[in-house]
Every structure is written in C-alpha cells, then in structure tokens.
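Order of listing sets the numbers, starting from 1, for every ligand and every atom in it.
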Amino acid sequence: MSTRVSIPVITVDGPSGSGKGTICRLLAQRLGWHLLDSGALYRLTAVAARHHGISLDDEESLQVVAAHLDVQFLAGTTDDVKIVLEGEEVTDTIRTEAVGADASVVAAMAPVRQALLQRQRDFVAAPGLIADGRDMGTVIFPEACLKVYLDASAEERGSRRYKQLISKGLSASLEDIVLDLKARDARDMNRSVSPLKPAPDAVILDTTKMTIEEVLEVVLDEAKHKGLR
Ligand SMILES: Nc1ncnc2c1ncn2[C@@H]1O[C@H](COP(=O)(O)OP(=O)(O)OP(=O)(O)O)[C@@H](O)[C@H]1O
Ligand SMILES: Nc1ccn([C@H]2C[C@H](O)[C@@H](COP(=O)(O)O)O2)c(=O)n1
C-alpha cells in the first residue's frame with residue numbers, strides 16, 4: 001500500500017446526514033490540515049457518466065469514467081472549494097439528492113471503487129489529512145491515527161437534510177427525505193464491496209442529540225489524546 005504513513009490521517013465515516021462533511025471541514029480548519037471529500041468523487045463519477053450518456057448499470061464504462069475523471073478542486077477556504085468537471089463548474093450540481101442517489105449506485109461497484117482508490121490516497125499531504133467518507137477507516141486509510149464513526153437516527157438525519165434544503169430555498173418533503181436516506185443506508189451498508197461500517201478501532205459517536213460544536217469538541221479531544229494537536 002502506498003499511503004504515506006508518516007503524515008497523519010484522521011478518518012470520519014458514517015451514513016448520510018450524520019454530520020461528516022460539517023465536522024471534517026471544521027476539523028480541517030482548526031488543525032490546518034487538508035481535506036478529502038471522497039463522496040464527491042462518487043458523485044462526480046455519476047455526473048460524468050450522465051454527461052456521456054453512460055447507463056448506471058454499465059460497470060465497465062463506469063470504471064473507465066472513474067479512472068479518467070477530469071476534475072479540479074479549486075481551493076479557496078475549506079468552506080469554499082470550487083469543483084470543476086471537464087471544464088464545467090459542478091460545485092452545486094453534484095450536491096443534489098438525485099446525484100446523491102446515483103452516486104450510491106455507482107459506489108456499490110467494485111471496479112469503480114478500485115478505480116478511485118489511489119486517487120483518494122494521493123490526497124495525503126503534510127501536515128495532515130482529514131478524510132470524509134464511508135470506508136476511509138476500513139479500506140482507504142486502515143493505518144489512520146484516529147478513526148471516527150458518526151451516526152444519528154434516520155429521523156434526525158432526515159430533519160437536518162430537510163432544514164438544509166429549505167434554507168437553500170428548495171422545496172422538500174421530510175417523509176421522502178427519510179425514506180431516501182433509509183434506502184441509501186441500506187445500499188451503502190449491504191453492498192458486498194467496502195460496505196459502510198465502523199472500523200473495529202473507530203471512536204463511535206451517536207450525534208442524534210449532540211450539537212455540531214459538541215461533536216467537534218469530542219473529536220478534537222480524541223485528537224489531543226493521540227498527540228495530533
Ligand atoms: N450535530 C448536528 N446537529 C445538528 N445539525 C447538524 C449536526 N451535524 C450536522 N448537521 C447539519 O446536518 C446537515 C448535514 O450535515 P453534513 O452535510 O455534514 O452530513 P454528511 O454526513 O456529510 O452527509 P453526506 O454524507 O450526505 O454528505 C448540515 O446542514 C449540517 O449543518
Ligand atoms: N468513501 C465513500 C464515500 C461515499 N460513498 C457513497 C455513499 C453515498 O451514497 C455517495 C455520496 O456520498 P456523500 O457525498 O453523500 O458522502 O457515495 C461511498 O460509497 N464511499
């Protein structure tokens with residue numbers, strides 16, 4: 001494995017809406033580390049496939065799309081990364097619920113995951129990496145210094161997503177969101193390759209009744225115990 005072991009990695013895995021992205025961005029800001037949003041790579045693969053008229057059951061073509069993703073993450077702050085796919089800005093496009101559902105389908109394919117594996121490991125850079133995903137602690141960075149698994153009830157995650165969409169001026173049905181989250185959980189947890197699950201050495205946090213600040217403090221404390229800050 002070609003992970004650069006001397007550079008520290010903190011992995012944050014968990015189901016959709018558990019707060020991974022939020023906590024990872026805050027951690028990256030507080031520690032001054034780099035950030036890998038691995039879900040974006042699966043979302044980009046799904047969007048690129050749609051652009052090229054490739055069906056989401058065509059594993060062979062999807063593997064080629066994933067292996068040759070022409071993507072740039074144009075960094076501003078960790079809160080303000082512009083994503084450009086094949087020359088077109090897709091920062092907002094890839095965040096829709098429809099693209100999330102497509103991403104969950106392509107992410108279940110072993111050849112797609114294999115095609116994205118080294119690209120994810122290449123994000124490791126000094127002084128450290130915060131890696132957000134589903135298999136960061138189990139498959140991509142098994143030697144990470146700290147592994148966190150965030151969880152929350154489907155109802156709480158649905159309510160968070162609902163508020164997020166409403167705040168963006170989008171219409172949404174809470175009931176549909178919870179149903180969609182449960183379907184996505186089932187796909188992500190029951191697939192045969194790299195299923196979503198906590199690494200055996202992960203710190204598991206049920207954030208259902210925790211604020212973002214409380215979650216961040218617990219994770220920063222864990223990092224402190226590991227001598228990472
Ligand atoms: N502990 C929390 N309490 C309340 N709201 C939260 C908490 N954590 C995150 N949120 C909010 O929930 C929404 C979803 O969070 P976020 O996008 O970080 O989840 P995620 O796990 O990265 O989801 P996905 O995997 O689908 O990208 C955001 O609006 C965020 O502000
Ligand atoms: N390491 C990862 C990251 C993401 N996925 C899948 C799971 C989701 O259904 C989809 C989109 O992820 P999100 O942006 O919502 O975090 O991609 C995965 O299988 N492995």
Would you mind checking which non-hydrogen protein atom is closest to [atom], with the distance to 0.1 Å?
| atom | answer |
| --- | --- |
| atom 5 (N) of ligand 2 | R134 CG, 3.6 Å |
| atom 10 (N) of ligand 1 | R160 CD, 3.7 Å |
| atom 7 (C) of ligand 2 | D188 OD2, 3.4 Å |
| atom 28 (C) of ligand 1 | Q164 NE2, 3.4 Å |
| atom 7 (C) of ligand 1 | I212 CG1, 3.4 Å |
| atom 6 (C) of ligand 2 | A107 CB, 3.7 Å |
| atom 3 (C) of ligand 2 | S38 OG, 3.4 Å |
| atom 20 (N) of ligand 2 | R113 NH2, 3.0 Å |
| atom 25 (O) of ligand 1 | K20 NZ, 2.7 Å |
| atom 15 (O) of ligand 2 | R43 NH2, 2.9 Å |
| atom 4 (C) of ligand 2 | G39 CA, 3.5 Å |

Check whether any heavy atom of R134 sits under 4.0 Å from an atom of ligand 1.
->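 It does, in that a heavy atom of R134 comes within the 4.0 Å cut-off of ligand 1.
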Can you tell me if G14 has a non-hydrogen atom under 4.0 Å from ligand 1?
-> no
Restricting to heavy atoms, the pick from S167, G17, G19 nearest atom 23 (O) of ligand 1 would be G17
R161/Q164 under side chain to side chain donor-acceptor pair (under 3.5 Å): CA gap, chis, key distance, verdict | CA-CA 5 Å; R161 186 68 75 213; Q164 199 178 27; 2.5 Å; yes
Atom indices of ligand 2 within 4.0 angstrom of [X] heavy atoms, with elements:
| X | answer |
| --- | --- |
| A103 | 10 (C), 11 (C) |
| S104 | 9 (O) |
| R184 | 9 (O), 15 (O) |
| M136 | 1 (N) |

Please tell me whether [X] and [Y] have a donor and an acceptor in their side chains that are separated by less than 3.5 angstrom.
| X | Y | value |
| --- | --- | --- |
| S173 | E175 | no |
| R187 | S104 | yes |
| H52 | E86 | yes |

Just distances here: any N/O of [X] and N/O of ligand 2 closer than 3.5 Å?
| X | result |
| --- | --- |
| R95 | no |
| D37 | no |
| Y42 | no |

What part of C24 sits under 4.0 Å from ligand 1 if we count only heavy atoms: the side chain, the backbone, both or neither?
->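 The answer is neither; C24 stays 4.0 Å or more away.
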Against heavy atoms of [X], which atoms of ligand 1 measure under 4.0 Å?
| X | value |
| --- | --- |
| G21 | 18 (O), 20 (P), 22 (O) |
| P15 | 21 (O) |
| T22 | 9 (C), 15 (O), 16 (P), 18 (O), 30 (C), 31 (O) |
| M210 | 1 (N), 2 (C), 3 (N) |
| R161 | 14 (C), 17 (O), 23 (O), 24 (P), 26 (O) |
| T211 | 1 (N) |

Matching residue for I130 among L146, L36, L27, D37 - test: side-chain contact (heavy atoms from CB on, under 4.5 Å) |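 With I130 as partner, L146, L36, L27, D37 yield a single side-chain contact (heavy atoms from CB on, under 4.5 Å), made by L27.
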Given D135, which of T11, I140, L117 fulfils the side-chain contact (heavy atoms from CB on, under 4.5 Å) condition?
-> I140
Are D13 and K20 close enough, and set up right, to give a salt bridge (Lys or Arg N to Asp or Glu O under 4.0 Å), and what steps lead you there?
-> CA-CA 7 Å; D13 291 302; K20 303 178 302 295; over 6 Å; no
List the steps, then state whether salt bridge (Lys or Arg N to Asp or Glu O under 4.0 Å) holds for R160 with E155.
-> CA-CA 9 Å; R160 290 175 187 173; E155 288 67 28; over 6 Å; no
Nearest heavy-atom pair of T138 and K197: which atoms, and what distance?
-> CG2-O, 3.6 Å
What's the shortest heavy-atom distance between G32 and P127, and which atoms?
->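 Heavy-atom minimum between the residues: O-CG, 3.5 Å.
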Ligand 2 versus R191: contacting region, heavy-atom distance under 4.0 Å =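 R191 to ligand 2: side-chain contact only, backbone stays beyond 4.0 Å.
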Any link between [X] and [Y] through a network of hydrophobic side chains (Ile, Leu, Val, Met, Phe, Trp, Tyr) touching at under 4.5 Å?
| X | Y | value |
| --- | --- | --- |
| V124 | F73 | yes |
| V218 | Y149 | no |
| L31 | I212 | yes |
| W33 | L216 | yes |

Is ligand 2 less than 4.0 angstrom away from at least one heavy atom of R187?
-> no
Could you give me the CA-CA distance, side-chain angles and deciding distance for R184 and D188, then say whether salt bridge (Lys or Arg N to Asp or Glu O under 4.0 Å) is met?
-> CA-CA 6 Å; R184 202 181 305 178; D188 293 344; 5.6 Å; no
Would you check whether R184 has a nitrogen or oxygen atom less than 3.5 angstrom from a nitrogen or oxygen atom of ligand 1?
-> no
Taking distance alone, with no angle check, do E156 and ligand 1 share an N/O pair under 3.5 Å?
-> no
Does the pair D185/R157 count as a salt bridge with the N-to-O cut at 4.0 Å?
-> yes
Does D201 come within less than 4.0 Å of K147, counting only side-chain N to carboxylate O?
-> yes
Please walk me through it: do L85 and Q72 pass side-chain contact (heavy atoms from CB on, under 4.5 Å)?
-> CA-CA 7 Å; L85 176 68; Q72 290 166 284; over 6 Å; no
